[in-house]
Amino acid sequence: MDNMKKPWFWLSVLILCFSLHTNLSLGADRITANQSLSGNQTIVSAGGVFKLGFFNTGNSSNFYIGMWYNQVSEQTIVWVANRDTPVSDTNSAKLTISGGNLVLFNESQMPIWTTNLSSTSSSSVEAVLLDTGNLVLRQGTGSDYFWQSFDNPTNTWLPGGKIKLDNKTKQPQYLTSWKNSENPAPGLFSLELDPKGTTSYLILWNKSEQYWTSGTWNGQIFSLVPEMRANYLYNFTFESNENESYFTYSMYNTSIISRFVMDISGQIKQLTWLEPSKQWTLFWSQPRRQCEVYGFCGSFGSCTENSMPFCNCLTGFEPKSQKDWNLNDFSGGCQRKTQLQCESSSPSNGKSDRFMAIPNMQLPKHSQSVGVGNAGECETTCLNNCSCAAYAYDSNGCSIWNGDLLNLQQLSQDDSSGETLYLKLAASEFSESKNKKGMVIGIAAGAAGAIGVLVAIFVFLMLRRRKRIIGTGRSVEGTLMAFGYRDLQNATKNFSEKLGGGGFGSVFKGTLPDSSVIGVKKLESISQGEKQFRTEVTTIGTVQHVNLVRLRGFCAEADRKLLVYDYMPNSSLDSHLFHERNSNALDWKLRYQIALGTARGLTYLHEKCRDCIVHCDIKPENILLDADFCPKVADFGLAKLIGRDFSRVLTTMRGTRGYLAPEWISGVAITAKADVYSYGMMLFEFVSGRRNSEPSEDGQTKFFPTWAANVVTQGGDVLSLLDPRLNGNADIEELIRIIKVASWCVQDDESHRPTMGQVVQILEGVLDVNLPPVPRSLQLFVENQENIVFFTDSSSTQISQARSNVSTTSSQAQSQSQARSNISSSSSKSLSEN
Ligand SMILES: *[C@@H]1O[C@H](CO)[C@@H](O)[C@H](O)[C@H]1NC(C)=O
Ligand SMILES: *[C@@H]1O[C@H](CO)[C@@H](O)[C@H](O)[C@H]1NC(C)=O
Ligand SMILES: *[C@@H]1O[C@H](CO)[C@@H](O)[C@H](O)[C@H]1NC(C)=O
Ligand SMILES: *[C@@H]1O[C@H](CO)[C@@H](O)[C@H](O)[C@H]1NC(C)=O
Ligand SMILES: *[C@@H]1O[C@H](CO)[C@@H](O)[C@H](O)[C@H]1NC(C)=O
Ligand SMILES: *[C@@H]1O[C@H](CO)[C@@H](O)[C@H](O)[C@H]1NC(C)=O
Ligand SMILES: *[C@@H]1O[C@H](CO)[C@@H](O)[C@H](O)[C@H]1NC(C)=O
Ligand SMILES: *[C@@H]1O[C@H](CO)[C@@H](O)[C@H](O)[C@H]1NC(C)=O
Ligand SMILES: *[C@@H]1O[C@H](CO)[C@@H](O)[C@H](O)[C@H]1NC(C)=O
Ligand SMILES: *[C@@H]1O[C@H](CO)[C@@H](O)[C@H](O)[C@H]1NC(C)=O
Ligand SMILES: *[C@@H]1O[C@H](CO)[C@@H](O)[C@H](O)[C@H]1NC(C)=O
């Protein structure tokens, strides 16, 4: 505090105070040479997009200089200056220009973060926050940037930023995760451009262990990220010169707020802000599975996919820091509950260490193989070296692991690649269960009377319960049956006959004691509590329609959640539609009936039941067929059941590319019109008999929906579009109608799409339908350049053609009236009356 005695100190304090009042008032977008920022002062970029100032996280008194969106209601930090040197008193700390650098001084006026440039002239340097989210240091407008935050990213890659590789030093630039949701200090996961110059992005654990690669850039997509092909949101470009190589990206629609983060989960995520729902929506994330993230659960932690939480400590271990685990920071891993005997200072005491078999594990990397002949010697080898933590013995012989075990994964029962890991534990860990038993007996002896009564009540309840189960087969809840897990296990012969898998879990065939046949869906990744689950399921149970699969009951026992449906003998639509050279392909009449029935089922979901249900995953796999080929929509309401986990479901569903409406990607709110889009995509498949995403047998590379929409609008030969297995046997009028409806359903702008109710009326022949324009987004599915040009031209003429048919009666938005006019009533009934 010697400084305080010096006059210049007080002078600078005076200047500081003065400048605070005069210069950093509302609306400032920069810090100039004699200004500084402290307390709750902020600067805001000129267009009001980003804000910079001190922030803290959670409940902590750690403050950081950071940047966040000014207009996003949930404070979202995109850049942090002093990642690992927080300050606690923001009024005495300050961010200022000093010696030509931007410097953060802490409470004791010591520099704790700096742009650290050696060669800037100190006069008239200013730090300006730009609307792109780039904080730049420059000398007046138009000069080069001495320094920019885009060159020093933390965990977020904003549009316009780059993650680059220095071509001279081969030094990559890292995008590094936060340590946990409350600590922006660098975590263990980082993204970099491959220093070998392969144009691949890599994700590394602790900057050493690579666990993901994007694959090389082919000019349009990264080879291992095929979903980029259907991307019409981001413009990714690669640049390379003698100094640096980098990717950068921009938004085609710059009013969409989007960010790319290296998340604390070890996954890279692209998130888009949804203003209507005021939340960030995930639409892309890699690696897909959480347990692919190397070392996610830390040492001696084990990762289990589809479980909540993902991480558990191995038997005999406990989290090193429960607080960090609660923040989803598992990197600290687990520690032994009981010290090994070989580690203890008095090794003569106690029994020697033993091994616990853990089946179905994916073994950790970096084992040491030992040339011994049998499992027993392998065990002895591990036992004899205290630093050995585990061993495994398989066809490759004996492997042992020294030190901490990292990257353990518990595989599911169906995964045959799992092996047994033998984990070294103190002997007392094994006798623990015996000890507890002894204790229970001791207590029981002391309180025999009370226990006796309790046991009697328990037995009575169990008997009653059993009787109820045996007597009626199951208990009743509302219109739904509540099944016991045992009952379903018996009914499905221990889940032996699998009917199919899906986004939410596998379905098994079963037979109830009353010999009715059921389909049992074993739900995965349901994080809901039992009570909430029952409420949701009961709601789904009330939704009944001839074209919806009937939910008969459910099972909710602890984390076992199952749904019981009527069994559908003819399986799902895809098995009939897409089976190659299937002689008994569905005939046209049946296809039309299935299309109509499906539309009726969806209409019911969207319009007729109490709460509108958006299905979110319409595709042939989810249209089941009963004995008479009556279609029944399956899996409705499940998106809601998954609840909080919805974003994960979305990433799974992105696998079924080709049915998803553009708004899933562009980040506007999802409405029933998203189902209409998926339904439209499926209608095209009714016609072609093949998946839109697959090329036809004769090697046609045209994207079928685009082609079909075009043939119809040009008045071409529609029969040439028909599934060749039908040999031209189809009602031409119906065929044209289906393609027209389908084209309307897949319009980019959801207000141009009909409702499912209108689709039903059109398919019933009550309403007529005009020629549709070819949707713009379909063009992006087409890889053939010629087609793109061609359709761009024709679609604009068709739009004007469609407009000329408008018989406008309302002053509504043009798009609305356009949508209505395209479907003009043939029964003299005005559509707006519906
Ligand atoms: C400090 O700020 C004042 C008022 O904005 C300005 O007139 C002056 O030139 C600045 N001084 C320096 C050294 O930039
Ligand atoms: C900033 O802090 C001052 C006192 O520290 C307080 O009076 C003022 O309301 C705060 N302003 C805002 C916008 O929070
Ligand atoms: C915030 O911290 C205080 C004191 O440390 C504590 O009592 C309180 O429970 C914390 N609140 C939350 C939400 O963590
Ligand atoms: C300020 O930073 C210096 C240098 O890093 C450090 O020694 C000092 O303890 C810090 N002061 C406070 C109050 O944290
Ligand atoms: C600034 O850079 C120099 C060398 O360029 C380095 O030695 C020093 O540690 C850096 N200081 C900070 C605070 O980063
Ligand atoms: C990460 O690597 C460094 C050495 O590069 C090592 O000191 C550190 O312990 C590693 N961190 C973990 C969690 O293993
Ligand atoms: C994509 O970005 C590149 C480089 O930023 C630009 O040249 C190109 O015009 C953009 N493409 C589109 C379609 O916006
Ligand atoms: C990197 O620089 C060298 C020359 O310094 C050049 O030959 C090479 O093509 C550059 N690499 C890329 C990817 O541009
Ligand atoms: C590469 O760096 C040198 C020196 O900094 C600079 O003169 C040159 O213009 C840079 N090249 C490109 C393509 O940016
Ligand atoms: C861009 O996105 C905004 C907000 O989502 C939307 O309102 C607007 O219509 C979009 N513009 C274009 C040209 O798609
Ligand atoms: C135990 O294993 C470690 C690691 O392989 C090795 O360095 C050490 O020498 C071994 N100790 C004994 C006693 O064999």
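These figures come from a predicted structure and were not determined experimentally. Order of appearance sets the numbers: ligands from 1, and atoms from 1 within every ligand.
Looking at Glu429 and Thr315, their side chains never bring a donor and an acceptor atom within 3.5 Å of each other.
At a 4.0 Å heavy-atom cut-off, ligand 4 touches Ile112 through the side chain alone.
Taking any N or O of Asn235, backbone or side chain, at least one lies under 3.5 Å from an N or O belonging to ligand 7.
Not less than 6.0 angstrom separates the ring centroid of Phe236 from the ring centroid of Phe260. For Tyr234 and Tyr252, the ring centers sit 6.0 Å or farther from each other.
Remark: atom 2 (O) of ligand 4 lies closer than 4.0 Å to at least one protein heavy atom. Within 4.0 Å of atom 7 (O) of ligand 11, not a single protein heavy atom is present. Distances from atom 14 (O) of ligand 7 to the protein include at least one heavy-atom value under 4.0 Å.
A salt bridge is absent between Glu239 and Lys162; no separation between the charged side-chain nitrogens and carboxylate oxygens falls under 4.0 Å. A salt bridge links Asp151 with Lys164: the closest approach of a Lys/Arg side-chain nitrogen to an acidic carboxylate oxygen falls below 4.0 angstrom.
The ring pair (Phe, Tyr, Trp, His ring centres under 6.0 Å) with Trp157 is formed by just one residue from the set Tyr201, Tyr174, Trp79; it is Tyr201.
Scanning all protein heavy atoms for the shortest distance to atom 11 (N) of ligand 11 gives Asn385 ND2, 2.9 Å. Among protein heavy atoms, atom 10 (C) of ligand 4 sits closest to Asn106 ND2, 2.4 Å.
Proximity of Phe222 to Gln286: side-chain heavy atoms (C-beta onward) are nowhere separated by under 4.5 Å.
Heavy-atom proximity to atom 4 (C) of ligand 11, evaluated over Thr381, Asn384, Val370, Asn402, is greatest for Asn402.
Counting only distance, with no hydrogens or angles, the side chain of Trp401 and the backbone of Pro364 share a donor-acceptor pair below 3.5 Å.
Every atom of ligand 11 with a heavy atom of Gln368 under 4.0 Å away is listed here by number and element: 5 (O). Those atoms of ligand 4 with a heavy atom of Glu107 less than 4.0 angstrom away are 12 (C), 13 (C), 14 (O). Close approach of ligand 11 to Ser387 (heavy-atom distance below 4.0 Å) involves ligand atoms 1 (C), 2 (O), 3 (C). Listed by number with element, the atoms of ligand 7 under 4.0 Å from a non-hydrogen atom of Thr237 are 2 (O), 3 (C), 4 (C).
The closest approach between a heavy atom of Tyr252 and any atom of ligand 7 is below 4.0 Å.
Using a 30° and 60° split on the angle between ring planes, Phe317 and Phe300 fall in the parallel class, below 30°.
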